[in-house]
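Every heavy atom of this structure was used, including side-chain atoms; hydrogens, water molecules and symmetry mates were not.
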Amino acid sequence: MLMIKDGFIPFGPYRTYYRIVGEPSDKAPLLLLHGGPGSTHNYFESLDELAKRDQRQLIMYDQIGCGLSSMPDDPRVYNAKTWLRELKNLRDRLHLDRIHLLGQSWGGMLAIMYLCDEMPAGIKSLILSSTLSDAQLWGREQHRLISFMSKADQDVIAKAEAADDFTGDAYQRVNARFMELHAAAEPDENAPEYLWREKNVGELAYQTAWGPNEFTPTGNLKDYDYTEKLRNLYVPTLITNGTNDLCTPLVAKTMYDALPNAKWNMFDGTRHMSFVEKPLEYQAVLQDWLNQHD
């Protein structure tokens with residue numbers, strides 16, 4: 001039976017929910033940083049079996065602003081400095097001295113900032129899953145993907161952007177269609193429980209830090225650009241994305257070209273969560289990577 005332990009750790013006036021899967025072992029744990037901001041740890045539960053298969057602990061948590069962690073209604077909380085402090089606090093309190101670090105989407109941005117700006121000790125390897133090193137490039141690539149949609153759908157998005165109004169029903173339908181093409185479909189009753197389980201989505205965190213949607217980065221992360229800083233990051237790094245991903249081949253290649261010690265694996269036919277859509281294939285790639293770099 002898979003051992004799962006969860007709980008809360010204090011973080012200033014707030015608290016952070018964490019979930020540890022698997023038994024302690026000689027192998028460095030894998031710490032997982034979820035996307036959003038505000039998406040919760042839930043989808044990482046697709047990786048639970050890896051803890052048993054690889055005899056390695058997985059540590060996941062809900063970042064401040066979503067899930068079971070504190071969700072303050074003060075938008076000033078939601079910025080990179082807060083989430084970096086929370087990550088350092090989590091490592092300290094859980095005694096995570098030696099880890100592999102996986103960040104998906106926004107979680108990858110957080111991992112990049114952490115390694116480039118904080119230069120933390122004890123990082124055995126980095127996994128950048130469907131993420132980015134440049135917010136403006138991301139926005140441009142999303143607009144390129146939009147250009148493959150119908151003329152009617154493109155016009156709806158253009159109208160919403162021109163008016164800076166993303167509340168209309170027509171826009172909501174088109175954005176949902178875009179996200180189904182490149183992020184994920186709405187889960188139905190046949191999907192794993194962790195995908196349709198009710199959760200506290202961090203809408204305020206997302207809108208404050210990123211913006212109203214994936215293709216309009218207007219929040220406090222809009223000027224995020226770490227591509228040049230990646231050239232000084234020598235930690236072994238695995239980049240993963242899908243052929244139908246919000247993280248387009250250009251976004252992934254931009255990181256791959258900048259990193260001095262990187263490998264890139266693109267999953268055929270997957271969108272923004274390859275570990276959910278092709279769990280066995282993703283886990284095999286990830287397990288092989290982790291064991292090479294323990």
Side-chain angles (χ1 to χ4, degrees), residues 6-20 29-44 58-94 96 99-123 126-135 138 199-212 214 217-226 229-230 233 235 237 246-247 255 272-273:
D6 66 351
F8 297 89
I9 57 172
F11 172 52
Y14 310 118
R15 66 179 191 170
T16 300
Y17 170 80
Y18 69 89
R19 180 177 182 269
I20 302 176
L30 175 63
L31 177 59
L32 300 149
L33 309 181
H34 68 70
S39 289
T40 80
H41 81 276
N42 294 25
Y43 58 2
F44 281 143
L58 309 183
I59 294 106
M60 51 196 81
Y61 68 103
D62 290 336
Q63 297 160 21
I64 290 298
C66 70
L68 299 176
S69 293
S70 299
M71 296 180 65
D73 57 8
D74 182 357
R76 292 174 298 181
V77 172
Y78 301 121
N79 57 68
K81 288 182 179 179
T82 296
W83 287 305
L84 284 167
R85 288 200 307 271
E86 182 184 33
L87 172 54
K88 290 187 284 185
N89 181 68
L90 182 97
R91 281 194 70 188
D92 288 345
R93 290 184 178 272
L94 295 182
L96 301 176
I99 59 169
H100 298 275
L101 185 63
L102 185 153
Q104 191 267 347
S105 196
W106 144 250
M109 298 168 64
L110 180 60
I112 287 170
M113 288 187 283
Y114 180 50
L115 266 67
C116 289
D117 293 345
E118 306 287 338
M119 292 181 286
I123 308 297
L126 173 65
I127 301 94
L128 298 176
S129 182
S130 297
T131 189
L132 58 144
S133 60
D134 182 341
W138 183 270
K199 65 181 182 179
N200 299 317
V201 177
E203 292 184 9
L204 181 59
Y206 182 82
Q207 292 173 8
T208 302
W210 184 257
E214 282 302 305
T218 54
N220 55 47
L221 291 169
K222 67 181 184 298
D223 296 322
Y224 164 89
D225 183 357
Y226 273 66
K229 288 187 178 183
L230 291 182
L233 183 58
V235 172
T237 302
L246 295 168
C247 176
M255 295 184 289
H272 201 43
M273 297 181 293

All heavy atoms of Val201 vs all of Met71, minimum pair found to be O-CE, 3.7 Å
One should read off an interatomic distance between Phe8 CZ and Leu68 CG, to the nearest 0.5 angstrom, of 5.5 Å
task = Measure from the side-chain N and O atoms of Asp62 to the backbone N and O of Gly67, and report whether any donor-acceptor pair falls under 3.5 Å.
result = no
Next item on the list: Classify the angle between the aromatic ring planes of Phe11 and Tyr14 as parallel (below 30°), tilted (30 to 60°) or perpendicular (above 60°).
Entry: tilted
With sequence neighbours left out, the residues meeting side chain to side chain donor-acceptor pair (under 3.5 Å) with Arg15 are none
Closest non-hydrogen contact found for Thr237 with Val235 is OG1-O, 2.8 Å
Between the main-chain N or O of Gln63 and the side-chain N or O of Trp83, is there a donor-acceptor pair closer than 3.5 Å? no
| message | Taking His272's backbone N and O only, do any of them form a donor-acceptor pair with Gln104's side chain (distance below 3.5 Å, no angle check)? | response | yes
For Glu203, the side chain to side chain donor-acceptor pair (under 3.5 Å) test, sequence neighbours excluded, returns none
When every non-hydrogen atom of Tyr206 is compared with those of Pro37, the smallest separation belongs to CB-O, 3.2 Å
With sequence neighbours left out, the residues meeting side chain to side chain donor-acceptor pair (under 3.5 Å) with His34 are none
Determine whether Cys66 and Asn200 make a side-chain contact, defined as any pair of heavy atoms from C-beta on separated by less than 4.5 Å.
no
Asp74 meets the salt bridge (Lys or Arg N to Asp or Glu O under 4.0 Å) criterion, sequence neighbours left out, with Arg76
Between the OG1 atom in Thr131 and the CG atom in Leu246, the distance rounded to the nearest 0.5 Å is 11.0 Å
Minimum side-chain heavy-atom gap Ile59-Leu94 below 4.5 Å: yes
Report task. Check the side chains of Glu86 and Tyr61 for a donor-acceptor pair under 3.5 angstrom, ignoring hydrogens and angles. Result -> no
Heavy atoms of Gly211 and Thr218 approach each other most closely as CA-OG1, 3.7 Å
Heavy-atom nearest pair, Ala205 first then Gly65, reads CB-O, 4.4 Å
Report all side-chain donor-acceptor pairs from residues 108-115 shorter than 3.5 Å, counting only partners two or more places apart or in another chain.
unit_1, atom_1, unit_2, atom_2, d
Tyr114, OH, Arg91, NH1, 2.9

Value for CG (Asp225) from CG (Asp134), rounded to nearest 0.5 Å, stands at 4.0 Å
#### Entry: Close side-chain approach of Phe44 and Leu58, heavy atoms under 4.5 Å
no
*With a 4.5 Å heavy-atom cut-off, do Leu102 and Ser129 have their side chains touching?*
yes
Any heavy-atom pair between the side chains of Trp138 and Cys247 that's under 4.5 Å?
yes
Looking only at side-chain N and O atoms, does Asn89 offer a donor or acceptor that is under 3.5 Å from a partner on Arg93? yes
> Given Leu221 and Trp106, is the side-chain contact (heavy atoms from CB on, under 4.5 Å) satisfied, shown in steps?
Replying inline: CA-CA 10 Å; Leu221 291 169; Trp106 144 250; 3.5 Å; yes
With sequence neighbours left out, the residues meeting side-chain contact (heavy atoms from CB on, under 4.5 Å) with Ser133 are Thr227, Leu230, Thr254, Met255
dist Leu233:CG -> Met119:CE (nearest 0.5 Å) comes out at 11.0 Å
Scanning both residues in full, the closest heavy-atom pair of Thr208 with Leu204 reads OG1-O, 2.7 Å
- prompt: Do the side chains of Ile127 and Leu101 get nearer than 4.5 Å, heavy atoms only?
  reply: no
When you measure from the side chain of Tyr78 to the backbone of Gln207, do you find a donor-acceptor pair of N or O atoms at a distance under 3.5 Å?
no
Report yes or no: does Ser69 contribute a side-chain atom to a donor-acceptor pair with the main-chain N or O of Tyr17 at less than 3.5 Å? yes
Could Asp117 and Lys229 be called an ion pair, given the rule that one side-chain N must be under 4.0 Å from one carboxylate O?
yes
Distance col, row Arg85:CZ vs Asp92:CG, nearest 0.5 angstrom, shows 13.5 Å
**Prompt:** Are the side chains of Leu90 and Thr16 in touch, meaning some heavy atoms are under 4.5 Å apart?
**Reply:** yes
query = Hey, does the side chain of Thr82 reach the backbone of Val77 with a donor-acceptor pair shorter than 3.5 angstrom?
reply = yes
Query raised in the report: Are His41 and Tyr18 near enough that their ring centres are under 6.0 Å apart?
Result: no
Just wondering, do Tyr224 and Leu132 contact through their side chains at under 4.5 Å, heavy atoms?
yes
